[in-house]
**Q** 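The following block contains the structure, expressed as structure tokens.
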Amino acid sequence: MKKIYLILLILPLLFVAQSCDKDLPYPIDDVKRGVVVDITRIPGTDGLLSDGETTGDYKLKVVIPENQGDYSFMKEVQLLAVLQASGQPTKTAVVMENITEFPKEIQINMADVYSKLGLTAPALGETLYFTANVMLKNGDIIPGWTQYTGFNNRAFAGWRVEGRAYSYNVRYPVACGWDQDPDNGTFIGTFTMTENSPYGADSYNVTLSHNPNPPATIPTGVLAESLYGINISPFSPNIWAPVSDVVTIWVNTEDLSLVIPNQETGELYQGQHPIVWYNFRDASINTCTRIIQFTVQPFVPAINGGWSAFTFKIEPQ
């Protein structure tokens with residue numbers, strides 16, 4: 001029996017007509033038009049950095065999505081490197097300028113990038129991102145990242161570009177080596193799961209085991225042979241307690257990103273509509289600390305309604 005009972009609330013959309021002569025709540029003349037720039041790692045190229053090493057095959061692709069429409073007011077795109085490390089101030093540097101042709105493939109010289117960041121080579125615990133600044137013809141620059149707002153253009157994450165989800169940055173973690181053995185690997189065995197949601201908090205043991213099968217649908221740009229599947233069980237056994245207590249995630253071993261498709265909970269809303277774990281996001285895996293994190297929500301696709309977010313953290317005992 002469930003520990004809680006959730007009630008799905010479907011709220012109607014409200015449309016409020018505004019008077020045409022009413023002042024806007026912001027100065028329209030100060031609003032700057034930007035350009036949405038898509039940036040991805042080219043599949044098959046290196047997606048990880050190694051401690052103390054700058055050699056490797058690093059390639060990016062920069063695209064202006066068709067959804068963008070007219071961008072004649074743009075002068076150029078700049079490639080911005082953003083280096084983050086725990087407990088350290090974020091470093092940024094423009095590593096390439098005058099990008100004006102799209103789509104464009106870019107070969108990255110990591111030694112040059114780290115030199116522009118004032119460093120010599122990657123170090124464990126760092127994550128290097130590449131994003132895009134946009135320079136307008138009037139000289140204004142729309143930054144791809146700032147210390148106050150983080151990465152720009154996250155609101156366009158629902159766009160589709162070249163058959164995949166829009167990407168506003170490329171992530172290169174400096175990773176520890178990890179064992180992919182299906183029986184005794186780095187992410188196999190008993191771990192501790194911490195769960196938080198508006199309905200409560202919980203902590204319990206989970207078993208991680210290898211799943212050799214690929215997901216039913218593989219995202220565009222991801223190679224099936226690069227995916228390493230992990231079953232997590234049990235899953236929310238006390239707060240949600242779904243009929244299906246296993247959730248599967250896949251690690252893209254090229255760049256340590258996580259592929260987590262929507263998955264059925266085994267529950268039915270009103271006895272007829274399947275409830276799924278939906279929109280896995282804020283997902284990460286750290287091969288140094290062996291920590292996995294992500295956020296997800298229960299959702300009913302048939303009626304387009306869902307509940308608040310659940311966050312999960314898996315770490316060694």
Side-chain angles (χ1 to χ4, degrees), residues 34-66 68 71 74-85 90-135 141-145 151-153 156 159-177 218-227 251-257 259 287:
V35 176
V36 177
V37 178
D38 174 84
I39 179 169
T40 55
R41 178 181 60 85
I42 294 179
T45 63
D46 293 337
L48 302 174
L49 294 169
S50 298
D51 184 25
E53 297 184 14
T54 56
T55 57
D57 181 25
Y58 302 98
K59 290 183 181 179
L60 307 176
K61 185 177 180 181
V62 179
V63 174
I64 302 291
E66 291 183 0
Q68 165 63 49
Y71 57 93
M74 186 188 79
K75 179 182 178 182
E76 67 176 64
V77 167
Q78 301 172 341
L79 189 64
L80 180 70
V82 180
L83 183 67
Q84 297 181 341
T90 299
K91 295 178 178 288
T92 64
V94 174
V95 296
M96 182 175 292
E97 300 178 277
N98 199 32
I99 303 171
T100 58
E101 296 180 359
F102 309 94
K104 183 176 181 62
E105 295 188 1
I106 300 172
Q107 181 80 52
I108 300 296
N109 182 327
M110 282 298 177
D112 179 66
V113 169
Y114 270 82
S115 175
K116 286 183 168 64
L117 289 166
L119 301 168
T120 57
L124 288 176
E126 295 175 349
T127 302
L128 178 66
Y129 297 87
F130 289 97
T131 190
N133 288 345
V134 173
M135 177 180 285
I141 294 179
I142 310 298
W145 180 92
F151 288 100
N152 193 13
N153 288 337
F156 297 95
W159 281 18
R160 303 296 295 175
V161 183
E162 298 183 335
R164 54 169 172 77
Y166 162 73
S167 173
Y168 52 82
N169 67 35
V170 172
R171 172 179 175 270
Y172 289 99
V174 185
C176 296
I218 298 175
T220 300
V222 175
L223 304 177
E225 57 269 27
S226 297
L227 294 178
V251 183
N252 184 351
T253 58
E254 283 193 353
D255 61 3
L256 291 185
S257 61
V259 174
T287 56

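Residue indices begin at 1 and follow the sequence shown.
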**Q** Got a sec, which residues hit side-chain hydrogen bond (donor to acceptor under 3.5 Å, both in side chains) with R160, two or more places apart in sequence or on another chain?
**A** none
**Q** For L227, enumerate each residue passing the side-chain contact (heavy atoms from CB on, under 4.5 Å) test, keeping only those at least two apart in sequence or located in another chain.
**A** P215, I218, V222, W250, N252, V259
**Q** For residues 103-122, pull every pair meeting ring pair (Phe, Tyr, Trp, His ring centres under 6.0 Å), keeping only residues two or more places apart or in separate chains.
**A** none
**Q** Tell me the closest heavy-atom pair linking A81 and L117, and the distance in Å.
**A** O-CD2, 4.3 Å
**Q** Quick one: does L79's side chain get under 4.5 Å of I99's, heavy atoms only?
**A** yes
**Q** If you count every heavy atom of other residues, nucleotides or ligands that lies below 6.0 Å from E225 atom CD, does the total exceed 12?
**A** yes
**Q** Locate the shortest heavy-atom distance separating V63 from P103; write the atom from each residue and the value.
**A** CG2-CB, 3.8 Å
**Q** Would you mind reporting whether F102 and V77 have side-chain heavy atoms less than 4.5 Å apart?
**A** yes
**Q** Looking only at heavy atoms, what is the nearest atom pair of R171 and T127, with distance?
**A** CG-CG2, 3.6 Å
**Q** For Y58, what residues pass the ring-ring contact (aromatic ring centres under 6.0 Å, His included) criterion, not counting sequence neighbours?
**A** Y172
**Q** Taking side-chain contact (heavy atoms from CB on, under 4.5 Å) as the test, write out the residues that go with P43, two or more places apart.
**A** none
**Q** Please identify each residue that fulfils side-chain contact (heavy atoms from CB on, under 4.5 Å) with M135, with sequence neighbours left out.
**A** K75, E76, Q78, I141
**Q** Just verifying a value: how many Å separate L60 CG and T45 OG1, rounded to the nearest 0.5 Å?
**A** 7.5 Å
**Q** Which residue pairs pass the side chain to side chain donor-acceptor pair (under 3.5 Å) test when at least one of the two sits in residues 92-105, sequence neighbours left out?
**A** none
**Q** Are D38 and Q68 close enough that some pair of their side-chain heavy atoms sits under 4.5 Å apart?
**A** no
**Q** Which residues satisfy the side-chain contact (heavy atoms from CB on, under 4.5 Å) test with A111, sequence neighbours excluded?
**A** T54, N109
**Q** Which residue pairs satisfy the salt bridge (charged side-chain N to carboxylate O under 4.0 Å, His left out) criterion with at least one member in residues 120-134, sequence neighbours excluded?
**A** none
**Q** Hey, could you give me the CE/CD1 distance between M74 and I142, rounded to the nearest 0.5 Å?
**A** 11.5 Å
**Q** Filter on salt bridge (charged side-chain N to carboxylate O under 4.0 Å, His left out), then keep only pairs touching residues 48-61, sequence neighbours left out; what's left?
**A** K61-E162
**Q** side-chain contact (heavy atoms from CB on, under 4.5 Å) with Y168: which of F151, F156, Y129?
**A** F151
**Q** Take W145 and T90 through the side-chain contact (heavy atoms from CB on, under 4.5 Å) test and state the conclusion after the steps.
**A** CA-CA 11 Å; W145 180 92; T90 299; 3.6 Å; yes
**Q** Not counting sequence neighbours, which residues clear ring-ring contact (aromatic ring centres under 6.0 Å, His included) with Y166? List them please.
**A** none
**Q** Does R41 have any salt bridge (Lys or Arg N to Asp or Glu O under 4.0 Å) partners at least two apart in sequence or in another chain, and if so, which?
**A** E254, D255
**Q** Give me the atom names and distance for the closest heavy-atom approach of P143 to N133.
**A** CA-OD1, 3.3 Å
**Q** How far apart are the closest heavy atoms of G163 and T220, and which atoms are they?
**A** O-OG1, 3.0 Å
**Q** Which residue in the set I106, V170, T40 passes side-chain contact (heavy atoms from CB on, under 4.5 Å) when paired with V62?
**A** I106
**Q** Tell me the closest heavy-atom pair linking V174 and S50, and the distance in Å.
**A** CG1-C, 4.0 Å
**Q** Less than 4.5 Å apart, any side-chain heavy atom of V37 and any of I64?
**A** yes
**Q** Does the side chain of L119 reach to within under 4.5 Å of the side chain of L83, using non-hydrogen atoms?
**A** yes
**Q** Out of curiosity, I39 CD1 to L80 CG, how far, rounded to the nearest 0.5 Å?
**A** 9.5 Å
**Q** Measuring from N152:CG to T131:OG1, what's the distance to the nearest 0.5 Å?
**A** 7.5 Å
